[in-house]
Structures are given as C-alpha cells and as structure tokens.
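Comments concern the structure below.
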There are 2 protein chains.
Amino acid sequence: MLSKKTKYAIKALVALGKNVGNPPMQIVKLAEQEMIPRKFLEQILLDMRNAGYLYSKKGAGGGYSLNKDAADIFLADILRITDGPIAMVPCASLKFYRKCDECHDEVTCGIRKTFIDVRNATLKVLAQTSIADVIGRETDDLLVE
Amino acid sequence: MLSKKTKYAIKALVALGKNVGNPPMQIVKLAEQEMIPRKFLEQILLDMRNAGYLYSKKGAGGGYSLNKDAADIFLADILRITDGPIAMVPCASLKFYRKCDECHDEVTCGIRKTFIDVRNATLKVLAQTSIADVIGRETDDLLVE
DNA sequence: CAAAAGACTATAGACTTAGTAGACTTTATT
DNA sequence: AATAAAGTCTACTAAGTCTATAGTCTTTTG
C-alpha cells in the first residue's frame with residue numbers, strides 16, 4: 001500500500017503543477033486546499049525540495065513552486081523518495097537492492113525472478129507517468145463528453 | 001514490500017509442491033527445512049488450509065500436503081490471503097476495493113487511474129505465475145547450461 | 001490410553017507510520 | 001532596525017501493524 005506520505009506528496013505536486021504561472025503557494029494554503037495536516041505536509045515538501053523537485057522561498061510572499069516541468073517529474077521518482085523501493089522484495093529492487101534475509105541462493109531463486117518481472121511491469125507505468133500526465137488524466141472524462 | 005508471512009507462505013507451498021507423491025510433511029520438518037519459525041509457519045499453513053490450498057491431516061503420520069495442483073495455485077491468490085490487496089491504493093483494488101480517505105472525486109482522480117494501470121500490470125504477472133512456475137524457474141539456469 | 005500431530009486464540013515486543021511541537025533562519029516590509 | 005511572514009530542521013508521541021511465541025484444545029493412530 002502507498003503510504004499517506006506518498007499520496008500527499010503526489011497531491012501536493014499536482015496542486016503545484018496547476019499553480020504554475022502564479023506566485024508561489026504557501027504551505028498553509030496548500031494544506032487547507034488539499035486537506036493535508038500542515039506540519040506533515042511541511043516535512044513532505046522539504047523532502048521534495050531537497051530532492052530538487054521544488055523551489056522554496058522564505059519570508060513574506062514566499063512559498064513553494066515546482067522546480068521542474070511537471071512533465072519531467074515521474075511518479076516512480078516520487079515514490080522512491082517517500083516510500084523507498086518500488087520492488088516488492090529487496091533483492092528485486094533496482095535502486096535499493098538488498099539481499100533477502102530468507103534467501104540462500106539468489107541466482108536460482110524462482111521467487112526473485114518473478115518479482116523482478118513484477119517490478120519491471122510496475123516501473124513501466126510509474127517511470128513513464130509524470131505529474132503532468134496525472135493532471136491530464138483528471139480531466140480526461142470532461143474532454144470526452 | 002512483501003511481508004515475511006507472504007514469503008514464508010510461498011516457500012512453504014513450493015516445498016510442498018516438490019513433496020507431491022510423498023507422505024504429508026510435518027510443520028516441524030517444513031519449518032526446519034525452510035528456516036521458518038515453527039509457530040509462525042503454523043499460522044500461515046492454517047490460513048492456506050482454510051483457503052483451500054492445503055490439505056492437512058492430524059495425528060501420527062499426519063502433516064500437510066497440497067490440495068490443488070501446483071500449476072493451479074497462483075501467486076496473486078496467495079498474496080491476497082497473506083497481505084491483502086495487491087493494488088497500491090484501496091480505490092484501485094479489484095478484490096478489496098475501498099474508497100480512499102483523501103479522495104473527493106474518484107471518477108476524475110488521475111492518481112487512481114494510474115494506479116489501476118499499475119495494478120493491472122502487476123496482476124498480469126502475479127495472476128499468471130503459479131507455484132509450479134516458481135518451481136520451474138528455480139532450475140531454469142541449470143537447464144540452460 | 002498415550003503419543004503424535006494439527007487447530008485455534010491470545011499476547012508480547014519490535015518496528016513503522018502518521019501526526020505534532022517547538023525552536024530556528026531567512027526575507028520582505030515599514 | 002524592528003516586526004511579521006514564511007520556510008527549515010530536529011525531536012517526539014501515539015497508534016497501528018508485523019513477527020514471533022505460548023499455551024490449550026482437538027483429532028488420529030497404534
């Protein structure tokens with residue numbers, strides 16, 4: 001399951017993506033608008049900022065804005081910051097590889113092979129879906145009608 | 001991340017899959033062989049049994065054996081028993097659907113749409129990979145050489 | 001009847017997640 | 001220069017989940 005942290009992160013990025021062109025958005029406003037606990041959001045935005053996805057400005061008139069094009073921020077990268085590995089077992093992880101405690105012979109492990117397939121399938125979606133795509137999909141239905 | 005419970009469940013099923021044709025296997029033996037805490041394994045096997053995947057026999061000479069063909073036991077079903085939903089968000093789950101706390105308008109939610117894609121991609125692998133497949137893949141490398 | 005095995009329920013401890021608190025720093029405005 | 005508006009950073013707490021263990025009960029075999 002996706003953590004709330006990750007969901008909040010995506011929602012915040014989506015909101016900031018829609019805010020492009022306007023002055024930066026304050027944490028408080030973002031928190032209210034997206035119904036995210038303020039201090040929790042604060043931490044999440046910090047992480048996103050430290051990872052280079054957000055630009056922040058202190059002081060009066062400050063706030064947060066995207067530091068990259070929304071089309072260049074991919075869900076896979078966000079998930080890795082907030083939730084860590086995308087693979088379901090550490091030994092199948094691309095970016096957070098770790099030997100499984102229970103595993104004796106990794107080379108012949110049938111479980112591992114299967115979960116590498118799962119990881120690849122998941123990544124095919126998440127590494128290609130950007131915040132811009134998520135925003136685009138929100139209005140899909142409206143466009144069709 | 002897959003829980004230990006799920007990993008143990010898969011390992012146990014694989015071991016029992018290899019044991020087909022022999023007398024049923026006792027919990028203690030299975031636990032030792034697969035290095036799984038005995039009482040924990042006990043619970044897991046019970047779950048699998050109650051879900052119809054295992055047959056158990058009490059008393060002297062008793063133990064556990066598969067109740068279905070290893071080719072008819074799919075990882076997706078096992079994961080659902082041990083870890084619950086396969087989707088990363090409840091609102092994208094096929095078997096454990098639940099509205100997301102944070103979600104206002106599910107119909108136009110771009111996040112949901114993306115994670116339905118992820119779920120489908122994951123399921124495409126997990127719902128088609130059986131315990132027999134996992135066993136088969138263990139020896140893949142040996143066959144190639 | 002005794003021993004072997006599984007069935008079932010409860011509980012404890014460790015870890016993770018979600019959320020809160022507070023003190024500090026930078027910037028803009030007056 | 002003073003003040004207020006904002007973000008930064010670290011620590012902490014509460015609740016929940018996961019892993020594992022313990023103990024008692026039931027069934028089956030010899």
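Note on naming: letters A, B, ... go to the chains in the order of the sequence lines (proteins, then strands), and numbering restarts at 1 for each one. From a predicted model like this one, the values you see are computed outputs, not experimental measurements.
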Worksheet item: When all nucleic acid strands are considered with a 4.0 Å heavy-atom cut-off, which category describes B:Leu45: base, sugar-phosphate, or nothing?
Response: nothing

Discussion item. Heavy atoms only, 4.0 Å cut-off, all strands: where does B:Tyr8 land among base, sugar-phosphate and nothing?
Written reply: sugar-phosphate

Please report the distance, rounded to the nearest Å, between [atom1] in [X] and [atom2] in [N].
{"X": "B:Leu41", "N": "C:dC8", "atom1": "CG", "atom2": "P", "value": "16 Å"}
{"X": "A:Glu42", "N": "D:dA11", "atom1": "CD", "atom2": "P", "value": "16 Å"}
{"X": "A:Asp83", "N": "C:dA18", "atom1": "CG", "atom2": "C1'", "value": "13 Å"}
{"X": "B:Leu30", "N": "C:dA5", "atom1": "CG", "atom2": "P", "value": "14 Å"}
{"X": "A:Ile36", "N": "C:dT20", "atom1": "CD1", "atom2": "C1'", "value": "16 Å"}
{"X": "B:Ile44", "N": "D:dC18", "atom1": "CD1", "atom2": "P", "value": "13 Å"}
{"X": "B:Lys7", "N": "D:dT19", "atom1": "NZ", "atom2": "C1'", "value": "13 Å"}
{"X": "A:Phe40", "N": "D:dC12", "atom1": "CZ", "atom2": "C1'", "value": "14 Å"}

Worksheet item: Where do B:Leu66 and B:Gly17 come nearest, in terms of heavy atoms and distance?
Response: CD1-CA, 3.6 Å

Fill in: Closest non-hydrogen atom pair between A:Arg137 and B:Lys113, with its separation
O-NZ, 2.7 Å

Minimum-distance nucleotide to [X] side chain [options: [options]]:
{"X": "A:Leu46", "options": "D:dT8, C:dT20, C:dC8", "result": "D:dT8"}
{"X": "A:Gln43", "options": "D:dA11, C:dT25, D:dT19", "result": "D:dA11"}
{"X": "A:Lys4", "options": "D:dT19, C:dT26, C:dA18", "result": "C:dA18"}
{"X": "B:Lys58", "options": "D:dT19, C:dA7, C:dC8", "result": "C:dA7"}

Worksheet item: Does A:Asp47 reach the side chain of A:Thr82, with side-chain heavy atoms less than 4.5 Å apart?
Response: no

Practice prompt. Flag the pair B:Val14 / B:Lys11 as yes when at least one side-chain heavy-atom distance between them is below 4.5 Å, and no otherwise.
Written response: no

Worksheet, complete the sentence: Heavy-atom nearest nucleotide on DNA chain C taken for B:Met25 and for A:Ser3; more 5' hit belongs to B:Met25

Response to the item:
Ranking A:Gly61 and A:Arg38 by the position along DNA chain C of their nearest nucleotide, the one closer to 5' is A:Arg38

Worksheet item: According to a strict under-4.0 Å criterion, is A:Lys39 in side-chain N/O contact with OP1 or OP2 of D:dC9?
Response: no

Worksheet item: OP1, OP2 of C:dA5 versus side-chain N and O of B:Ser56: anything below 4.0 Å?
Response: no

Worksheet item: Relative to the 5' end of DNA chain D, which residue comes earlier, A:Val28 or B:Ala60, by the nucleotide with the nearest heavy atom?
Response: A:Val28

Discussion item. Side chains of B:Asp117 and B:Thr114: any donor to acceptor distance under 3.5 Å?
Written reply: no

